[in-house]
Amino acid sequence: MQNNSYNALVVEETSPNSFTREIKSKNISDLPAGDLLIRVHYSSLNYKDALSASGNRGVTRHYPHVPGIDGAGVVEESTSTEFKPGDKVVITGFDLGMNTSGGYGQYIRIPAEWAIHCPDNLTLRESMTYGTAGFTAAQSVNKLINHPVLPEQGKILISGATGGVGSIAVSIMAKLGYSITAVSGKPEAKEFLTNIGATEIISRQQAADSSGKLLLKEKWAGVIDTVGGEILVAAIKSTAYGGVITCCGNVASPELPLSVYPFILRGVSLLGIDSAKCPIHIRQKIWQKLAGEWKIENLDSLVTECKLPELSGIIEKMLHGQQTGRVIVNLL
Ligand SMILES: NC(=O)c1ccc[n+]([C@@H]2O[C@H](COP(=O)([O-])OP(=O)(O)OC[C@H]3O[C@@H](n4cnc5c(N)ncnc54)[C@H](OP(=O)(O)O)[C@@H]3O)[C@@H](O)[C@H]2O)c1
């Protein structure tokens, strides 16, 4: 390699609990040991990245740090028999961007087990339009349809609907023929949500409940929740007999004040979703679905592309719940 330096967004703790984000030149030799050296072409922005980039020690323990839990690029060096130089690969989750230098750098070095080959029917750019958010949305969809919850059983509630996970979940479920009620705090996003397939849009206030009742009228055949807290509680209390609720996020709250009645009187199931440590055989199946029968036709309409210098401002927007759709970072 002729030039060993590359650019990265570096988060530094300048004084206790005070963090800055700056683009810096780094050296490939500073990357951790690993089987694959990858030239990152695209990364993406997820809520977890926004937390890591703002000093959240629940996500990243040590700073300075390069965030970016997603990366898609081309293998430059490999000690693995599974990958060779020139292979296109996609990495989402594991420790990338948490305590391992992440996708907001033009290079990453990682264990081979973290990578999958980029599916044939996806470009690297498209893979990052999905990213962890899309992968998580697809895992949630998978849980619902395997239960099974069928389109004819009724409406599906999806919260945080304009967010990364929410917008991809709405798009996939609509493509599969389900009737979607989207929960959104953004009245201005009505057109966006309708275009991606929501049939009904309700506000966060309408989705929450302050009655204190232990069970509410049965409304949803299934729920994909991305926010937690009051909206998730009301969704569980309103899920119809035998229905399924998936739970992946906590942007609203990590709390879940609830009784056992939805479970023991209506037989509903609350299913947890984790994308970071999802086993490789499930990972590969889900990515094949995202590239194949679940591929969103208007994937490009969900995405805003930025370069490293613009990323910091968009991170602030996300932390304030103001981002709509997906953000990808072009590192070419
Ligand atoms: N378990 C996993 O493996 C996994 C993987 C990926 C993401 N996640 C989690 O899933 C959640 C969503 O991630 P994301 O990347 O989609 O984030 P995102 O793009 O920021 O989307 C979150 C959306 O939630 C809504 N929201 C924001 N603040 C809210 C509040 N206080 N109350 C209710 N709704 C609020 C907003 O949508 P509206 O304005 O439309 O309401 C926002 O766009 C995060 O908690 C993230 O950590 C978990």
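Ligands are counted one by one from 1 in listed order, and the atoms in each one are counted from 1 as well. For the numbers below, each heavy atom of this structure counts, side chains included, while hydrogens, waters and symmetry mates do not.
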Asks: Is it true that the side chains of Arg21 and Ser312 contain a donor and an acceptor less than 3.5 Å apart?
Replies: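 Indeed, the side chains of Arg21 and Ser312 share at least one donor-acceptor pair under 3.5 Å.
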Asks: Sub-3.5 Å donor-acceptor pair from the side chain of His65 to the main-chain atoms of Gly97, do we have one?
Replies: yes
Asks: Answer yes or no: does an N/O atom from Gly166 fall short of 3.5 Å to an N/O atom of ligand 1?
Replies: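 In fact, backbone or side chain, Gly166 has no N or O that close.
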Asks: Does an N or O from Arg204, backbone or side chain, lie closer than 3.5 Å to an N or O of ligand 1?
Replies: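 Yes; at least one N/O pair falls below 3.5 Å.
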Asks: If only atom types and distance count, is the side chain of Gln284 paired as donor or acceptor with the main-chain N or O of His281 below 3.5 Å?
Replies: no
Asks: Is there any N or O on Ala133 that sits under 3.5 Å from an N or O of ligand 1?
Replies: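 Looking only at distances, the answer is no, because the N/O contact criterion of under 3.5 Å is not met.
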Asks: Geometry only, no angles: is Thr136 polar-contacting ligand 1 at N/O separations under 3.5 Å?
Replies: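 The answer is no, given that Thr136 and ligand 1 share no N or O pair closer than 3.5 Å.
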Asks: Is the closest N or O pair between Val227 and ligand 1 shorter than 3.5 Å?
Replies: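 It does not: no N or O of Val227 is found under 3.5 Å from an N or O of ligand 1.
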Asks: State whether the shortest distance between N or O atoms of Val165 and N or O atoms of ligand 1 falls below 3.5 angstrom.
Replies: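 The answer is yes, given that Val165 and ligand 1 share an N or O pair closer than 3.5 Å.
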Asks: Run the salt bridge (charged side-chain N to carboxylate O under 4.0 Å, His left out) check on Lys24 and Glu12 step by step: do they pass?
Replies: CA-CA 11 Å; Lys24 295 201 167 175; Glu12 263 182 285; 2.5 Å; yes
Asks: N/O of Lys48 under 3.5 Å from N/O of ligand 1, yes or no?
Replies: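 Looking only at distances, the answer is no, because the N/O contact criterion of under 3.5 Å is not met.
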Asks: Between Ser15 (side chain) and Ser18 (backbone), is there a donor-acceptor pair under 3.5 Å?
Replies: no
Asks: Looking only at distances, can you tell me whether any N or O atom of Thr162, backbone or side chain, sits closer than 3.5 Å to an N or O atom of ligand 1?
Replies: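 For ligand 1, there is an N or O atom that lies under 3.5 Å from one belonging to Thr162.
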Asks: Among Val11, Asn46, Thr60, which one satisfies side-chain contact (heavy atoms from CB on, under 4.5 Å) with Ser52?
Replies: Thr60
Asks: Would you check the N or O atoms of Gly164, main chain and side chain alike, for any that come under 3.5 Å of an N or O of ligand 1?
Replies: yes
